[in-house]
Peer 1: 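My questions will all concern the structure given below.
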Amino acid sequence: GIQVEQSPPDLILQEGANSTLRCNFSDSVNNLQWFHQNPWGQLINLFYIPSGTKQNGRLSATTVATERYSLLYISSSQTTDSGVYFCAGTRYSGAGSYQLTFGKGTKLSVIP
Amino acid sequence: DTEVTQTPKHLVMGMTNKKSLKCEQHMGHRAMYWYKQKAKKPPELMFVYSYEKLSINESVPSRFSPECPNSSLLNLHLHALQPEDSALYLCASSQDIGRGGLYEQYFGPGTRLTVT
């Protein structure tokens with residue numbers, strides 16, 4: 001299966017600062033998703049982005065599939081952005097099934 | 001609507017108890033998943049159901065027993081669990097499981113399980 005590496009593992013930001021989170025994968029992926037896990041454990045879908053660039057408010061993501069990486073940009077960070085950000089890519093798991101493989105996450109803390 | 005619901009939110013059970021976790025989606029998805037997440041770790045896949053049939057079992061111990069009564073519901077029956085099974089249990093769904101993995105997965109809020 002694929003390996004998914006995220007960096008940095010931890011990030012502390014002052015409120016209002018910008019940041020870039022990176023996700024590298026060991027092999028080509030058919031799909032890439034970014035999630036935000038809030039302190040209560042809910043995994044919130046941020047982007048479904050196999051390739052290209054998408055934007056949603058203060059967040060944007062870019063996946064360069066040919067170079068096997070994806071970036072998540074957070075601008076004008078807010079305390080509510082705190083939590084763990086996961087990227088996950090699909091891998092073939094047999095029986096015609098493709099399953100998500102998660103990176104270890106980036107823990108973001110935004111301080112006022 | 002992209003909502004997956006899970007009940008209960010919290011569960012404390014003894015090692016001799018039998019309990020069940022429930023998951024429901026009304027998005028018309030035909031694939032449903034159970035994940036286990038330990039503290040400070042990413043979610044780990046446990047089971048996958050496709051069209052109400054078990055498609056993948058990631059070598060999960062038999063004390064965890066999944067069930068898919070219909071395309072909208074997914075249960076996880078728990079029996080004789082160990083303290084190390086304490087974790088956040090997440091349910092997810094997607095439109096399907098194949099087609100090159102092009103289907104987005106949506107997660108429920110999870111059940112936080114404590115085994116005493």
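Below, chain A is the first sequence line, B the second, and so on; all start at residue 1.
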Peer 1: Where does B/Glu58 contact chain A at under 4.5 Å (heavy atoms): side chain, backbone, both or neither?
Peer 2: side chain
Peer 1: Does the ring centre of B/His77 sit less than 6.0 Å away from the ring centre of B/Phe64?
Peer 2: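 Centroid distance B/Phe64-B/His77: not below 6.0 Å, so no.
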Peer 1: How long is the straight-line distance from CE of B/Met13 back to OG1 of B/Thr116, given to the nearest 0.5 Å?
Peer 2: 9.0 Å
Peer 1: Heavy atom to heavy atom, less than 4.5 Å: which residues from residues 32-45 of chain A reach chain B?
Peer 2: A/Gln33, A/Phe35, A/Gln37, A/Trp40, A/Gly41, A/Gln42, A/Leu43, A/Asn45
Peer 1: Spell out, as yes or no, whether a donor-acceptor pair under 3.5 Å connects the side chain of A/Thr90 to the backbone of A/Asn31.
Peer 2: yes
Peer 1: Given 3.5 Å as the limit, does a donor-acceptor pair link the side chain of B/Gln6 with the main chain of B/Tyr89, or not?
Peer 2: yes
Peer 1: Looking at A/Ile12, I want to see if its CD1 is surrounded by more than 12 non-hydrogen atoms of other residues, nucleotides or ligands under 6.0 Å.
Peer 2: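 Count not over threshold, so no.
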Peer 1: Output yes when a side-chain donor or acceptor of A/Thr106 lies under 3.5 Å from a complementary backbone atom of A/Asp10, and no otherwise.
Peer 2: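 No, because the side chain of A/Thr106 does not come within donor-acceptor range (under 3.5 Å) of the backbone of A/Asp10.
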Peer 1: Who wins among A/Lys104, A/Gln99, A/Lys107 for the most heavy-atom pairs under 4.5 Å with chain B?
Peer 2: A/Gln99
Peer 1: Is the number of heavy atoms from other residues, nucleotides or ligands within 6.0 Å of NZ (B/Lys38) greater than 12?
Peer 2: yes
